[in-house]
Amino acid sequence: MRSPAGKRGGRRRGAAGAMADGNADWMGSLPAALRSYPLSNLAIPGSHDSFSYWVDEKSPVGPDQATAIKRLARISLVKKIMKKWSVTQNLTFKEQLESGIRYFDLRVSSKPGEIGQEIYFIHGLFGITVWDGLQEINTFLEQHPKEVIFLDFNHFYAMDDNHHFFLINRIHLAFGSKLCSVECVEYVTLQYMWENKYQVLIFYHYPLCQEYPFLWPGNKMPAPWANTTNVHKLLQFLETTLEERSRYGTFHVSQAILTPQVRTIARNLIRGLKNTLVHRNLPMILNWVKTQKPGVKGVNIITSDFVELVDFAATVIALNDLLLDEDESATKS
């Protein structure tokens, strides 16, 4: 019978033990045996719409929204309601990183009508500039040189090639030599990253990625989306997509999130996402996480909304101890 993740006997200091002093340095504290595992085989906590901890009610509604919503948003109350459904995180990038989050789901846009090529995070409403977010992340990396992060730029709005060139240059300016060049996924281990002084993997879901050695194509980071409000359907979807996961050549995101439909929002306008879907279902989602195992056939990156509401990051990180159990069993046999 498999013991629960994080509860281990003996003197071995596993992933759970490495977190005794917090999660800010959990990768650097992993047991030596796990440092040679491909990152695609480790359990890594991530956040959904990672940047949405702050959105600007005073800015125009984003180009990711339907025309009807943009018209309605001329009423100030509508933007306040939108905020309740646009915000999926409470913690800043720095706070998420300190809590152990290492994968970030990023949606970006130019601001129509604004002079220049500045790019912002967006989820219904505009967030902070991407540049400010990248600087905040890089400050953390400077202080934690053994931590590795995944930045997944997967949605772009109101951006032509010139906007992309501007954003890509910003990314390179922010991280420089920390950027990991595209490589065979199975070669990318913590040891590989440390030896090359890499800390950042950028996934860029746009054809221009082919012109830059440090931009990984989006198909290397598949993230199947359940698009449901039903937690039971979500968990079944997560199981099914794990069974279908490519064993080699890609990372994999399990989006452990519920998505509001139009009628969900209409019936719960004032309550918002957190109070309508997240609070009551997150414990069941966390229980599913606890039953998982990383590895070639298992989970890799798992994302959640409001990652601080339960012990999400620590629970995901502790799953890596199961790989140590596997190694010990193989050694004994």
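Between E147 and R102, at least one side-chain N (NZ, or NE/NH1/NH2) sits under 4.0 Å from a carboxylate O, which counts as a salt bridge. Between E142 and K178, at least one side-chain nitrogen of the basic residue sits less than 4.0 Å from a carboxylate oxygen of the acidic one, meeting the salt-bridge criterion. Between E186 and R247 no salt bridge is recorded (no basic side-chain N to carboxylate O distance below 4.0 Å). Ion pair D25/K146 not flagged as a salt bridge, since none of the NZ, NE, NH1 or NH2 atoms sits closer than 4.0 Å to an Asp/Glu carboxylate oxygen.
Looking only at side-chain heavy atoms (C-beta outward), L324 and P31 come within less than 4.5 Å of each other. Two residues are said to be in side-chain contact when any heavy atoms from C-beta on lie closer than 4.5 Å; S50 and D105 meet this criterion. When side chains are defined from C-beta on, Q89 does not count as touching D49, because their heavy atoms never get closer than 4.5 Å. Residues I119 and F153 fail the side-chain proximity criterion, which asks for heavy atoms closer than 4.5 Å. Taking the side chain as every heavy atom from C-beta outward, F175 and F214 never approach each other to under 4.5 Å. Between W288 and V299, some side-chain heavy-atom pair lies under the 4.5 Å cut-off. Proximity of M221 to L201: side-chain heavy atoms (C-beta onward) are nowhere separated by under 4.5 Å. With a 4.5 Å cut-off on side-chain heavy atoms, I101 and F312 count as touching.
Using modelled atom types, one side-chain atom of S52 and one backbone atom of T88 make a donor-acceptor pair closer than 3.5 Å. Panel note: side chain T228, backbone N230; a donor-acceptor pair is recorded below 3.5 Å. Counting only distance, with no hydrogens or angles, the side chain of S110 and the backbone of A158 share a donor-acceptor pair below 3.5 Å. With hydrogens and angles ignored, the 3.5 Å screen pairs a side-chain donor or acceptor of N196 with a backbone N or O of Y192. Checking side-chain atoms of K293 against main-chain N and O of L319 turns up no donor-acceptor pair under 3.5 Å. A donor-acceptor pair under 3.5 Å is absent between the side-chain atoms of Q191 and the main chain of R35, judged by distance alone. Checked by atom type and distance alone, the side chain of S86 pairs as donor or acceptor with a backbone atom of H123 at under 3.5 Å.
Through chains of ILVMFWY side-chain contacts below 4.5 Å, F126 is grouped with Y120, I122, Y157. Its side chain within the 4.5 Å cluster rule, V296 clusters with Y248 among the Ile, Leu, Val, Met, Phe, Trp and Tyr residues. Under a 4.5 Å side-chain heavy-atom cut-off, the cluster of Ile, Leu, Val, Met, Phe, Trp and Tyr residues that includes L173 is completed by W131. In this structure, Y187 shares a hydrophobic cluster with no other residue, the cluster being traced through Ile, Leu, Val, Met, Phe, Trp and Tyr side chains under 4.5 angstrom apart.
Residues N23 and A314 approach most closely at ND2-N, 4.0 Å, considering heavy atoms. Scanning both residues, V307 and G46, for their nearest heavy atoms gives CG1-O, 4.0 Å. Smallest separation of non-hydrogen atoms from I137 and L97: CA-CD1, 4.1 Å. Nearest approach of L42 to N300, heavy atoms of both residues: O-ND2, 2.9 Å. Contact record, C209 with P217: SG-CA, 3.8 Å, taken as the closest heavy-atom pair. Counting all heavy atoms, side chain and backbone alike, W26 lies closest to A43 at CH2-O, 3.8 Å.
Shown here are the side chain to side chain contact (heavy atoms under 4.5 Å, CB included) partners of K84, two or more places apart in sequence or in another chain: I270. With sequence neighbours excluded, no residue forms a ring-ring contact (aromatic ring centres under 6.0 Å, His included) with Y198. In this structure, the side chain to side chain contact (heavy atoms under 4.5 Å, CB included) partners of R271, at least two apart in sequence or on a different chain, are N268, N275, T276. Residues forming a side chain to side chain contact (heavy atoms under 4.5 Å, CB included) with E211 (at least two apart in sequence, or on another chain): F165, L208. Every side chain to side chain donor-acceptor pair (under 3.5 Å) that Q261 has, sequence neighbours left out, goes to N227. Judged as a side chain to side chain donor-acceptor pair (under 3.5 Å), and not counting sequence neighbours, the contacts of D305 are H48. Partners of D56 under the side chain to side chain contact (heavy atoms under 4.5 Å, CB included) rule, at least two apart in sequence or in another chain, are W54, K58, S59.
Partner of L286 under the side chain to side chain contact (heavy atoms under 4.5 Å, CB included) criterion, out of N281, T315, L309: T315 alone.
Each of V310 and I257 belongs to its own hydrophobic cluster when Ile, Leu, Val, Met, Phe, Trp and Tyr are linked at side-chain heavy-atom distances under 4.5 angstrom. When the side chains of ILVMFWY residues are joined at heavy-atom separations under 4.5 Å, either directly or via intervening members, V278 and W225 end up in two distinct hydrophobic clusters. Using a 4.5 Å cut-off between side-chain heavy atoms of Ile, Leu, Val, Met, Phe, Trp and Tyr, with links allowed through other members, Y206 and L215 fall into the same hydrophobic cluster. Under a hydrophobic-cluster definition in which Ile, Leu, Val, Met, Phe, Trp and Tyr are linked whenever side-chain heavy atoms come within less than 4.5 Å, directly or via other members, F156 and I168 are assigned to the same cluster. When hydrophobic clusters are built by joining Ile, Leu, Val, Met, Phe, Trp and Tyr residues whose side-chain heavy atoms come closer than 4.5 Å, directly or via intermediates, F237 is not grouped with I285.
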### Trace of the side-chain contact (heavy atoms from CB on, under 4.5 Å) decision for L134 with L151
CA-CA 10 Å; L134 298 182; L151 300 184; 4.0 Å; yes

Before giving the answer on side chain to side chain donor-acceptor pair (under 3.5 Å), spell out for H172 and N169 the whole-Å C-alpha distance, their side-chain angles and the decisive distance to 0.1 Å. CA-CA 5 Å; H172 189 263; N169 286 334; over 6 Å; no

Next item on the list: Applying side-chain contact (heavy atoms from CB on, under 4.5 Å), run through Q292 and L238 and close with a yes or a no.
Entry: CA-CA 11 Å; Q292 299 309 301; L238 292 173; over 6 Å; no

- prompt: Do T139 and Q135 pass the side chain to side chain donor-acceptor pair (under 3.5 Å) test, and can you show the C-alpha distance, the side-chain angles, and the key distance before you say yes or no?
  reply: CA-CA 6 Å; T139 297; Q135 287 184 302; over 6 Å; no

*asked:* With side-chain contact (heavy atoms from CB on, under 4.5 Å) as the criterion, how do K220 and V182 come out once you've worked through the C-alpha distance, each side chain's angles and the decisive distance to 0.1 Å?
replied: CA-CA 10 Å; K220 295 294 183 182; V182 178; 5.7 Å; no

Check against ring-ring contact (aromatic ring centres under 6.0 Å, His included), H279 and F306:
CA-CA 9 Å; H279 261 309; F306 300 104; 7.9 Å; no

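In this structure, F140 CZ and I149 CD1 are separated by 9.0 Å, a value rounded to the nearest 0.5 Å. The CZ atom of R267 lies 12.0 Å from the CD1 atom of I265; values are rounded to the nearest 0.5 Å. Note that the NZ atom of K297 and the CG atom of N41 stand 12.0 Å from one another [nearest 0.5 Å]. With rounding to the nearest 0.5 Å, the separation of CG in L125 from NZ in K80 is 11.0 Å.
Counting only residues at least two apart or on different chains, the ring pair (Phe, Tyr, Trp, His ring centres under 6.0 Å) pairs with a member in residues 81-109 are Y53-F93, F93-F104, F93-F121.
For the residue pair S99 and E95, no side-chain donor N or O sits within less than 3.5 Å of a side-chain acceptor on the partner. Using a 3.5 Å distance cut-off with no hydrogens or angles, the side chains of D160 and H163 do pair a donor with an acceptor.
Between F203 and W216, the ring planes are tilted. Angles from 30° to 60° get that label.
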